[in-house]
Every structure is written in C-alpha cells, then in structure tokens.
4 protein chains.
Amino acid sequence: MLDSVPDNSEPKVTTRGRPRSERARRAILGAAAEVLAEQGLRAMTIEEVATRAGVGKATIYRGWSSKGTLALEAFLDEFLSTQPPIDTGSIEGDVRSALQAWVETVNGTTTGRSLVGLIAEVQLDPELGVAWHHDFVDVVRGQHRRMVDRAIARGELPRGSDVDIMMDLIYGPAYHRLMQGHLALNQEFVELVTAMVVAGAKAGAAVPRVGTLG
Amino acid sequence: MLDSVPDNSEPKVTTRGRPRSERARRAILGAAAEVLAEQGLRAMTIEEVATRAGVGKATIYRGWSSKGTLALEAFLDEFLSTQPPIDTGSIEGDVRSALQAWVETVNGTTTGRSLVGLIAEVQLDPELGVAWHHDFVDVVRGQHRRMVDRAIARGELPRGSDVDIMMDLIYGPAYHRLMQGHLALNQEFVELVTAMVVAGAKAGAAVPRVGTLG
Amino acid sequence: MLDSVPDNSEPKVTTRGRPRSERARRAILGAAAEVLAEQGLRAMTIEEVATRAGVGKATIYRGWSSKGTLALEAFLDEFLSTQPPIDTGSIEGDVRSALQAWVETVNGTTTGRSLVGLIAEVQLDPELGVAWHHDFVDVVRGQHRRMVDRAIARGELPRGSDVDIMMDLIYGPAYHRLMQGHLALNQEFVELVTAMVVAGAKAGAAVPRVGTLG
Amino acid sequence: MLDSVPDNSEPKVTTRGRPRSERARRAILGAAAEVLAEQGLRAMTIEEVATRAGVGKATIYRGWSSKGTLALEAFLDEFLSTQPPIDTGSIEGDVRSALQAWVETVNGTTTGRSLVGLIAEVQLDPELGVAWHHDFVDVVRGQHRRMVDRAIARGELPRGSDVDIMMDLIYGPAYHRLMQGHLALNQEFVELVTAMVVAGAKAGAAVPRVGTLG
DNA sequence: TGTTAAACGAGACGGTACGTCACGTCTTCCG
DNA sequence: CGGAAGACGTGACGTACCGTCTCGTTTAACA
C-alpha cells in the first residue's frame, strides 16, 4: 500500500487541533498511558484521565475525538520504540529478529496489551481506523517493507516476489495468535514461522499470477 | 454443517441457564442477529434487543451474561454454515477452497462484519473469551486441522510438519488483513497465500525443530 | 380567574409521571427541601439532591422536569400549612390576620425564602409557570377570595366590589416589598395596608366602571 | 427623562471599572440588549454577548461582574425613558397616567419582559440587588414619591399620609399581576386601582398609627 | 515620528452541572 | 407464578458556560 516511508515526523492521530498548552498535552497523555497500563482500554474513561491529569474533560475533547484516538497517541511512541530497526544482513535473520522483538513486547509489556485493545477498538470505531492506519499500520509496514526490499536487492528473494504477501505471512500468524490466543507466542513459533516463510518465499517465485486481478 | 464437530452438539456459549421458553430464546436470538446486522456489535444494546424481541431485559440476562455472549450465539450457526466441509483431494485445492469460502463470507455478508466485531469484543471482555474459544476457535481449527492431517496422510506434506503453524500461516494473513484492513481480501490474495504456504510447507520439512524452549 | 375552590386534592406540579416507588419520592422531596432551605434555589442542583436522596439523577428527571418543579413540590405543602384558614368575623380582622400570617412566614422561615426564589424561577422558566399557577396561585387566591366573598355576604363591603382588585390591593404591596426589598414587612405595614384597603373598599363602591373593558 | 433624578448623573450599576474603549462598551451593551430582547435573561450568556459584540469575554468581565449587572445596565436607560415625568395637577390624574405608562411598557415592549427577568434575577443574585436598588428602585420610587408629595402639598391627601404605603398600594398590585400573571394588566385595572387607592388614601387619614412595634 | 505599555480579540484553560444513555438489578403487576 | 415491562441506582457520556488566564495584535499616549 505504502512504499515510501511516511513522512509523519509528528503523528496525525487526531482530526482536531491539539491543546495549546504543552503542559496539558503532556499531562493528558501521561495520565492516559497510566490508566491504559493499569486498567486496559475498555476500563479507561475520559473522566478518569481528566481527573488524573488535573485537566477538564473539555480540554481532552478539544484535542482528541474519542477514547480511542487518545489511547492511540498514548500508545504510539512507546510501542514503536520497542520495535528497533533491524538489519542483520540476511532475510532469515531479519525476520527472526523482528518477530522476536515483537513477541517480546507483546508478551512482556503493558504496551503489548494496549496493542490488543487498540486493534479491537479500531474494529468498533471507524473514525479511529483512519488514525490507526496512518500512524500505526503504515509506519510499521513501512519498516517491514524495507526489510523485504533489502532481501530482494541482495538477491535472497526472487525479483518478482509479492512483498505484501510476504509481510502478511510473517506478521499475520503473529497477530492471529495474539488476537485468538489459541497458542503461545514463543521462541518456537518465531523459528518455525521464520523457516517456513523464508522457505516458501524462496520456493514460491514461480507462482503463476492469476490474470483476473492487478 | 461441520464434518463432525467434536462433541458440542449444542454450543456452550453461556455459563448460565437458558430461557425457560423456547419462544423467548428464538425471539431474542433473532432480534440480536437483526440488530447485529443492522448496526454492528458496538451499537447493539441489550435494551434494543429486548424491545425488538418483545421480552424483558431480565429474560436476556437470565440466558446470556453479556452483549458479547448473546452476539456470539446469534453469530455462530450462521457463520459456520457458510464454511462448508472441504475435501478436494489435494492440500492446494483444500487451502484454496477454504480461503475462498472464508473470503466470500467476510467480504459479502453482515455475518462477516459480525466476525470482526466479535473478535474485537473478545479482546475487551475476558469472560467472552472462554465462550469464543470453545464455540468458535476450537470448532474452526478442528476443521482446518483435519484438512492438514489428510494432506499428511496422503503424503503431500512431510510427516513431521507442524500442523498448528500451517494453520496459522493459512489463516493468519487472512485475519490480519481482515483486522488491519490494509489490503484487499481478493482472489489474488487467496492464490498467493495458497501457493506460498504449500510451497513453504513442502520445502519446510527440514526445519530444525528447536527444543521446547520458549 | 378561578372562583371555585380548585379540586386539587393532590398537586399537579409535574407534567411527568412520578416515581413508582414512594420511598424514592419521599427521599427526593426531603433532600430537595433540605438543600432548598440550606442553599436556596439558585445554588440547589439536581446532582446534589440526587446524592443526598441516595437516588440516581435519572430518577429525578423521570419525575420532575426541572429544578423548579421539584423545588415547587418540595415547597408547597410546607408553605400552605403556614397559611391557616382565617375567619375572624370581620373583613378588617381577616385581612389583618392573613397578612400577619404571611408576613411571619416570609420573615421567619426558610420556606419564606424559598417563596421568593420560586417566584423568581417562575419568571425564567415558562413551563414552571403552569405548575405554579395551578398549585400555588390558584390555591392561595381561592382562600383569599372566600375571605372577601364572606365580607360581601355580611354586607361589610358593597355588593358590586371587584374582588380581584381587592385581593391585589391586599397582597400586591406585600409581594412588592418582598421582591423589591425596599421596606420592611412589619406590623406597621400590616396595619396600614389593612386600614387603607378596607377604607378604600368601603368607599370605592361608587367607582365608575369604564366602559371600554369587560 | 426623569424629573430631576437625585444625583446619579451616571448609573452605578457596576462595582468595577468600565472598558476603556467607548466602542467596546457600546458594542457590549448593544449586544446585550439584543440578546435580552430576543432570548430573555435566562438564555442570555456572556459568551454570546461577547461573540455578538465582537469582544473578548474578559472585556465584559472587566466591566460587569455578572450577567445580571450587564443586563441591568442594558435595560435601564431604555426602561426609564418609557416612564415619563408626570404632573397632571391631580393625584388621581397622576396615578392613572403613571400606571398607564407602566402598563403600556410592560405589556408592549421587550423591555417590559426584561423587567420581569431582572426582578427575578435580583432575587437569586444578592450582589445584583445592590445595583438594582441604587439604579432602579431608588430612582423609580423617587419619581413616585414626588407625585404623592405634590398631592399632599396641594391638600388632596391628608398631611399625615404614609407616602410609602401609598406608593406600594399603587404599584404593588401592578407588580403583583406582572409577576404572578394571574390577571391582565389592562385599562380596567388601571382605573380600579386608581379609584380605590385614591379613595382609600383620602378616607384613610384617620388610621390610628400604631407605635413603632414590629 | 517611533516606542512602548495598555487594553484588546480570541479562545484555551480547569471546573461544575447539565440532561441522556445504557448498564445490570429489582419490583410490580398482568396473563 | 413466570415473565413483560420498566423503574431503580449507578456511572460515564459529551456539551454548555462559567470565570480566569495566556496569547499575539492593535492602538494611542508619550518620548
């Protein structure tokens, strides 16, 4: 979907203006992160965030259109900082490292639990979806895409590889287990997915592209 | 409907007794399905379902512990009936057919939209998670597992294949696109996933199994 | 306007149904009377009444359409019980006694202060005006009217006397001082008004009724 | 406008300084009068006045301490200009003319409705009461007092007449009907009150003055 | 004429109360 | 006597204004 790195030097999580006072903005995001970590997204209320931040509710509504957009912004920096840039030199090493970092965050941090709650919220709040795509999906997929692009450039993967499918094969199973909770996200999972995806990608170049679609 | 679902001749979606009167039960589930299709899970309220069903709210609470469990039951039969038993004779054919049926439901029906809402709700309501696993995840994965087992039995896939990872590689990308909405769930997606997963599975037998570390 | 005694065996202060539970109704009216006496009508809030009554705000809104109608009902019984039926045998005695009772209530009780607040509120809330007229103005004027009617029957006042004007001459100055606060409502005021009104009424029978009006 | 208003060459409606810029002051009072006429005192908000006047809220608060004091000043000149100085030569003529002018204003103009709202507001806002007495009650009663004083000087009324009671008997019924709304303020009312008050006043000289009791 | 301090418009801020909604429980009363 | 109807206590919602407080920007008096 997006190939170039999104130029969002600052997130566009809200559709509204942000608070004039940096003090209020920081207090709100800090309180939101706190409540999010303690109680989860469902239990988080604007009223409690306002109280903890020492801020009027209206000030929050002035800056964020919903609980979701606020939680998203509170979540973003923290999560992204746990997903380091990765470049091991081989596609297999890159995939393994990226999955490992993701699994560790998801299993070990409150930020990981917020991720689950936010993905859920996005399904239920269409407006939040817009911000989610711009500030999370596009950003994260941009990083992953560069990983796969490098592998193609190195000749590790066939030139005609479908990068999007590659990315979905790597992270799809991970998000699937995260959301359905049917099996553990552990080291074995990381190894197996890495092995199968890399094997499939190297073997799968010959896939006949169907003609009915672009 | 299902090619021999294990033992749940009747779903265990609720932890409570069900309404004494079958009439009320049908009216409630019908009204719930209606509201679910029209307005989605977030907008559905117990009050509206009760009104439409011509039933007291207490009667609903007697049978279902939350909006989620009610929606789950209203969703289940309908969704599962759209996922027919599959046995084309080859793993490639089976995977393609299964994904196709899933994609068609998800793209074309209100039931598909309910699926998204329910997965979201499950993340936010732990109690609902129990019912979700018993009545949805286990059932559906049971079907898929038999599909892969048959391929191993036929010798299409190596004997030591990790069936769970296979299943996650097939459906993980699908659910990933469904929840993140970053790319279309179309025929090309079905073909590419089928090809890469089958290629990876056939090639991936040599993967060195890590110990039980994790 | 009204001649016959209004048959309001129970007040019609609200336009809505009243709470089903007598317990809630009593708690609400009690709390309202309390807050009214302590803080006055302006400072009284539905939230505080609800809290003190141990009742949800919605229960109050279910029974009363505004702060005013609630305050009115909380005020009514108490106020009316301070204005005893009067029958001294002479118009002069009756007027003096009635004014005296009124002045004592108004000067000495929190109910008196509520009266001021309610009259003010009625000016600002047209809906409240309807209830005010039915439950207060009509009731009180009915009592006063009987007082004047008896004087006419006794022959103390001329047969053609305008009863409404009489009543306004008695109570008009009183309410005027109450609202404008320019002079004290004391015993001297009662005596002077009584004397002048009775003198005017006895002398004023010969007033030529203007013909331009009914 | 007034037949020599005592000393308030400029009203003391506010306890604060006024806006430095005459332009702002006029814009604010104009906007306030407009909103007052359109929506009444209850619905008038400082925010709307500020917006209409093209002025910051702080500029209003710099000049007036509350909605009431602002409304009072917006109301004053306009109302007083409708109550012309009166001197017909007889007490009866004076009373009739004064009541007539008052009734016409009250029945026919938005200024009349503002009067009601302001009297109400005065009951609920003690601080406003101070300004109200200084700028309205004292001014108006000053006019009326001179009217009665002249009648006494002319010998129409007994020398010992209680001027305050006279004034309350004239205007009390009028304000009473205005606030309670129980009967019309029409020509008949004017005539009857005039007749009865004048009759009472002329006959009532013999009233035994009670001591200073009360 | 150029400088500078004030007053200004705009409106964000921390609050309070509003009136509404849906929750999950409890009560009433009808069939 | 079971269930529909819906009132109940609760608590969060999102809004409206409050009165205060920064912000630049006029604006007008003095240098």
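Lettering follows sequence order; numbering is per chain, from 1.
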Problem - Value in whole Å for how far the C1' atom of dT16(E) lies from CD of Q39(C) - result: 14 Å

Handout entry: Residue met sooner reading DNA chain F from 5', once A53(C) and I46(D) are mapped to nucleotides
Key = A53(C)

Exercise for the section: Kindly say if R23(A) contacts the phosphate of dC21(F), meaning a side-chain N or O under 4.0 Å from OP1 or OP2. Expected result: no

Problem - Phosphate contact (dA4(F) OP1 or OP2) by T59(B) side-chain N/O below 4.0 Å - result: yes

Practice task
Look at the side chain of K57(C) and the backbone N and O of I46(C), then say whether any donor-acceptor pair between them is shorter than 3.5 Å.
Solution key: no

Practice task
Grab the CD-P distance between E22(B) and dG3(F) for me, whole Å please.
Solution key: 13 Å

Problem - Integer-rounded Å distance: dA12(F) C1' and K67(A) NZ - result: 10 Å

Practice task
Check every atom of dC8(F), dC18(F), dC23(E) against the side chain of T45(D) and return the nucleotide holding the closest atom.
Solution key: dC18(F)

Handout entry: Of all pairs that satisfy side chain to side chain donor-acceptor pair (under 3.5 Å), the ones with a partner from residues 114-123 of chain D, not counting sequence neighbours
Key = R42(C)-E121(D)

Exercise for the section: Write down the distance between OH (Y61(D)) and C1' (dT20(F)), rounded to a whole number of angstrom. Expected result: 9 Å

Completion exercise
Closest to the 5' end of DNA chain E, once E47(C) and G56(A) are matched to their nearest nucleotides, is G56(A)

Practice task
Round to the nearest Å and state the distance from R42(C) atom CZ to dC17(F) atom C1'.
Solution key: 13 Å

Practice task
Say whether E127(C) and S65(C), considering side chains only, have a donor N or O and an acceptor N or O under 3.5 Å apart.
Solution key: yes

Exercise for the section: Ignoring backbone atoms, test whether R62(D) places a side-chain nitrogen or oxygen under 4.0 Å from the OP1 or OP2 oxygen of dC8(E). Expected result: yes

Handout entry: Closest-nucleotide ordering on DNA chain F, the 5'-leading residue of A58(D) and T51(B)
Key = T51(B)

Practice task
Would you mind classifying the nucleic acid contact of A50(D) as base, sugar-phosphate or nothing, using non-hydrogen atoms under 4.0 angstrom?
Solution key: nothing

Problem - Integer-rounded Å distance: dA12(E) P and W64(A) CH2 - result: 14 Å

Fill in the blank from the handout: Minimal heavy-atom distance between G129(A) and V122(A), with the atoms involved, is CA-CG1, 3.9 Å

Problem - Distance, rounded to the nearest Å, where L70(D) contributes CG and dG19(F) contributes P - result: 12 Å

Handout entry: Check: E47(A) main-chain N/O paired with T51(A) side-chain donor or acceptor under 3.5 Å
Key = yes

Fill in the blank from the handout: Of K57(C) and A43(B), the one whose closest nucleotide on DNA chain E sits nearer the 5' end is K57(C)

Handout entry: For atom CD1 of I28(D) and atom C1' of dA7(E), their distance in whole Å
Key = 12 Å

